[in-house]
Protein chains: 2
Amino acid sequence: MERPQLALHQLHAFTVLAEELHFGRAAVRLGIAQPPLSQQIRRLEEKVGHPLFERRPGGVVLTSAGRELLPAARRALGEVADGLEAARRAGGGEAGLIRVGFAASLALTILPGMLRAYRERHPAVEVRISEMTTAPQVAALLGRSIDVGLLREPPDVPGLVAEAVLSEPFVAVLPVGHDLAGQRVVPVAALAAEPFVLLGPEAGPTVHERIVGVCRAAGFEPRIGQHAVEWQTVCALVEAGLGVSIAPASVRRVRLKGVAYRRIEPADARTVVAMCRREGETDPLVVRFVEVARACMP
Amino acid sequence: MERPQLALHQLHAFTVLAEELHFGRAAVRLGIAQPPLSQQIRRLEEKVGHPLFERRPGGVVLTSAGRELLPAARRALGEVADGLEAARRAGGGEAGLIRVGFAASLALTILPGMLRAYRERHPAVEVRISEMTTAPQVAALLGRSIDVGLLREPPDVPGLVAEAVLSEPFVAVLPVGHDLAGQRVVPVAALAAEPFVLLGPEAGPTVHERIVGVCRAAGFEPRIGQHAVEWQTVCALVEAGLGVSIAPASVRRVRLKGVAYRRIEPADARTVVAMCRREGETDPLVVRFVEVARACMP
DNA sequence: ACGCTCCATACGCGCAGAGATATCACACCC
DNA sequence: GGGTGTGATATCTCTGCGCGTATGGAGCGT
């Protein structure tokens with residue numbers, strides 16, 4: 001692309017004159033005197049290389065060159081005005097695109113509410129969400145292919161800041177027929193002999209490790225009977241009798257007839273959902289998103 | 001539309017920087033030093049009201065405002081470049097739109113050849129033709145709703161210039177069975193008793209009057225048996241035996257089995273086809289059209 | 001012939017801003 | 001801790017040009 005040679009205000013003057021077909025009236029509409037308008041048009045004609053108007057008694061008419069230029073000039077002015085407006089909206093955090101990464105296990109939890117709340121307040125912003133595990137989210141944040149990351153167990157990475165959005169206890173997931181389902185609180189150690197249904201580590205290493213850690217703290221290594229990639233599946237497999245599970249409390253939302261959720265003992269094991277973003281991020285879209293997300297915390 | 005506030009060269013600098021994401025390289029591509037580029041971008045950001053780039057070590061990245069502005073800036077620059085190019089082509093007579101009025105009776109004659117020749121030489125020019133009789137053509141030329149008029153019997157109107165494109169004699173149109181069809185040359189006076197098939201005066205007053213004039217010169221007032229609005233119809237009606245006619249020689253192109261065309265006596269009556277345009281017309285499209293049309297004369 | 005309308009021209013003022021050079025501030029890397 | 005690369009700032013020049021007022025000149029109508 002060459003350096004632009006036309007000035008926008010000249011194109012504007014041109015379009016106004018093309019509408020009025022009269023230098024005097026066009027100058028009034030432009031808020032300037034008539035001679036300067038003559039100059040603008042003359043300069044424009046010099047740059048184009050051909051007359052744009054034919055001067056005739058009583059007014060002017062467009063030449064064929066002018067007729068060709070007019071629609072393009074209008075479109076260009078419209079593009080600039082629209083682009084400016086869009087940029088201002090985006091700069092004010094009212095419109096644009098924000099890219100959010102989230103851990104699969106949050107699709108059941110806070111993600112839907114946050115997105116709903118944000119859409120309500122900023123309907124002109126397009127939110128592009130992608131399911132990613134922790135490590136890819138960190139990489140994507142640093143590589144600027146996402147703007148906000150929602151994940152479990154905040155990582156401590158230079159250049160990123162994380163804040164806790166939700167802290168939830170773990171619950172035991174049991175088939176309703178199971179002996180322990182009769183109790184209000186289940187000691188973790190009581191699950192030592194049971195086969196476990198867990199999310200595979202590839203789906204979200206941190207949650208997986210956290211749960212295994214809970215078991216180890218209770219003095220046993222969980223026996224993995226079955227892997228799954230979504231919490232819904234985990235619950236379904238528990239219902240089918242393939243084992244028991246320990247899961248963040250929000251899986252209670254998965255309401256299955258054959259599954260019971262019970263508090264566990266010790267109760268101090270919790271999993272933290274964090275919202276990550278780049279350090280020093282000033283993009284208003286991101287700032288607004290973070291604000292809204294914060295307000296969604298229970 | 002408000003007065004445009006952005007300068008095109010700033011938008012251009014912006015798009016280049018958005019491609020390079022590096023002030024130094026962008027400045028090189030723009031052929032300026034780096035500090036001026038910083039200024040341009042800063043000015044642009046001031047006008048937008050928000051930062052367009054985020055300055056980070058190793059380069060810059062677009063903000064959301066910048067991402068919104070970029071496509072619009074590209075489109076606007078493209079529109080301006082295209083419009084300028086189109087205007088230059090039109091100014092050079094290579095492209096654009098030319099509006100031509102023509103008398104119905106010429107659709108059979110020179111019009112097709114002229115249009116073909118013009119299209120060949122100026123394929124990018126759109127030719128919009130409209131069938132009009134003489135008076136509307138004159139009005140349309142003066143009112144600038146057509147650029148060129150093709151009509152019979154050049155009118156002498158101030159502000160318009162006409163030049164003869166074709167001069168053709170009249171011929172008698174006779175049914176093949178008619179007595180006079182046996183002769184090579186038909187005296188007009190011999191048609192005095194015949195019913196005439198003629199174009200209605202509303203279709204083209206000048207030709208009509210011209211033909212009636214030929215009859216009057218031969219000493220009789222033609223008896224109009226039938227009106228028609230196209231020469232093809234006139235010939236068909238003659239073939240059907242509804243009368244005879246006098247017509248410009250180019251109706252010979254209407255080849256009907258039952259119709260004969262014969263020279264008339266006196267032979268000095270001719271009809272002139274003229275090409276009209278506004279006086280002092282400088283529009284290159286029109287000038288080129290006139291040149292090509294002139295070259296088409298037989 | 002005169003005046004009116006409309007556009008062009010001439011001239012001057014003033015400023016925004018585009019450009020250059022030189023220098024600074026900061027982050028990062030070895 | 002110095003070197004390197006990045007962009008920002010400071011300062012200056014200069015010119016392009018946007019705007020105004022005043023005037024000229026062509027065409028048209030009365």
Side-chain angles (χ1 to χ4, degrees), chain A residues 2-14 16-48 51-63 66 142 158-160 278-280 282, chain B residues 2-14 16-48 51-63 66 142-144 157-160 278-282:
Chain A
E2 280 310 299
R3 294 196 73 168
Q5 30 214 340
L6 271 45
L8 277 186
H9 69 268
Q10 288 175 345
L11 288 179
H12 181 224
F14 167 68
V16 171
L17 180 55
E19 282 159 20
E20 297 290 342
L21 293 178
H22 186 284
F23 272 79
R25 287 195 299 274
V28 169
R29 256 186 59 183
L30 290 167
I32 62 175
Q34 169 260 317
L37 177 58
S38 283
Q39 287 185 27
Q40 300 296 354
I41 300 300
R42 190 166 51 77
R43 274 193 241 279
L44 192 58
E45 287 174 329
E46 278 166 11
K47 285 174 189 160
V48 171
L52 297 171
F53 294 94
E54 189 177 331
R55 280 74 166 171
R56 3 196 42 252
V60 297
V61 284
L62 279 169
T63 62
L142 293 172
L160 297 186
R278 284 176 291 274
E279 205 173 358
T282 56
Chain B
E2 280 310 296
R3 294 195 73 168
Q5 31 215 339
L6 271 47
L8 276 186
H9 68 268
Q10 288 175 345
L11 289 178
H12 181 224
F14 166 68
V16 171
L17 181 54
E19 281 159 21
E20 297 290 341
L21 294 176
H22 186 286
F23 272 78
R25 288 195 298 275
V28 169
R29 257 186 59 184
L30 289 167
I32 62 175
Q34 169 258 315
L37 177 58
S38 282
Q39 286 185 29
Q40 300 296 354
I41 299 300
R42 191 167 52 76
R43 275 193 241 281
L44 192 57
E45 287 174 330
E46 277 166 13
K47 285 174 186 159
V48 171
L52 297 171
F53 294 94
E54 188 176 333
R55 279 74 166 173
R56 359 195 45 250
V60 296
V61 284
L62 278 169
T63 63
L142 294 172
R144 305 193 149 253
V157 177
L160 297 185
R278 284 176 290 274
E279 204 172 1
E281 178 70 74
T282 57

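All chains are named by letter (A, B, ...) in the order of the sequence lines, taking the proteins before the strands, and each is independently numbered beginning at 1. In this text the structure is predicted, and so the values were computed from the model without any measurement.
- Contact annotation: A:H22 side-chain N/O to C:dC7 OP1/OP2 distance is under 4.0 Å.
- Within the model, atoms CD1 of B:I41 and CZ of B:R43 stand 11.0 Å from one another, a figure rounded to the nearest 0.5 Å.
- Contacts of B:Q40 with the nucleic acid, taken as non-hydrogen atoms under 4.0 Å apart, involve only primed sugar atoms and P, OP1 or OP2.
- One can place CD of B:E54 at 18 Å from P of D:dT6, the figure rounded to the nearest angstrom.
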- Task: Take A:L62 and A:F14, measure what side chain to side chain contact (heavy atoms under 4.5 Å, CB included) needs, and give me the verdict at the end.
- Result: CA-CA 10 Å; A:L62 279 169; A:F14 167 68; 4.0 Å; yes

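- Taking only side-chain nitrogens and oxygens, A:R43 never comes nearer than 4.0 Å to OP1 or OP2 of D:dG16.
- Taking atom CD1 of B:I32 as the reference point, atom P of C:dT21 lies 12 Å away to the nearest angstrom.
- Following rounding to the nearest Å, A:H9 (NE2) and D:dC19 (C1') show an atom-to-atom distance of 11 Å.
- Summary of the strand contacts: B:R25 and B:Q39 both lie near DNA chain D, and taking for each the nucleotide with the nearest heavy atom, the more 5' one is attributed to B:R25.
- Going from atom CG of A:L37 over to atom C1' of C:dT9 covers 15 Å, rounded to whole Å.
- A donor and an acceptor atom sit less than 3.5 Å apart, one in the side chain of A:Q34 and one in the base of C:dA8.
- Contact annotation: B:S38 side-chain N/O to D:dG7 OP1/OP2 distance is not under 4.0 Å.
- Protein atom CZ of A:F23 is 16 Å distant from nucleotide atom C1' of D:dG27, rounded to whole Å.
- When the P atom of D:dG27 is taken as reference, atom CD of B:E279 falls 11 Å away, rounded to whole Å.
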- Derivation of the side chain to side chain contact (heavy atoms under 4.5 Å, CB included) call for B:V16 and B:R25: CA-CA 9 Å; B:V16 171; B:R25 288 195 298 275; over 6 Å; no

- Message: I'd like to know whether A:L17 forms a side chain to side chain contact (heavy atoms under 4.5 Å, CB included) with A:F23, so could you lay out the CA-CA distance, the side-chain angles of the two residues, the decisive distance to 0.1 Å, and finally the verdict.
- Response: CA-CA 6 Å; A:L17 180 55; A:F23 272 79; 3.7 Å; yes

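- Heavy-atom distances to DNA chain C give each of B:P36 and B:K47 a nearest nucleotide, and the one nearer the 5′ end belongs to B:K47.
- Taking atom CD1 on A:I41 and atom P on D:dG18, their separation rounds to 11 Å, with Å as the unit.
- Atom pair A:L11:CG and D:dG18:P shows a separation of 12 Å (rounding to whole Å applied).
- Across all strands, A:Q10 comes closer than 4.0 Å only to sugar-phosphate atoms, never to a base (heavy-atom distances).
- B:R278 has a carboxylate O that lies under 4.0 Å from a charged side-chain N of B:E281, or vice versa, which qualifies the two as a salt bridge.
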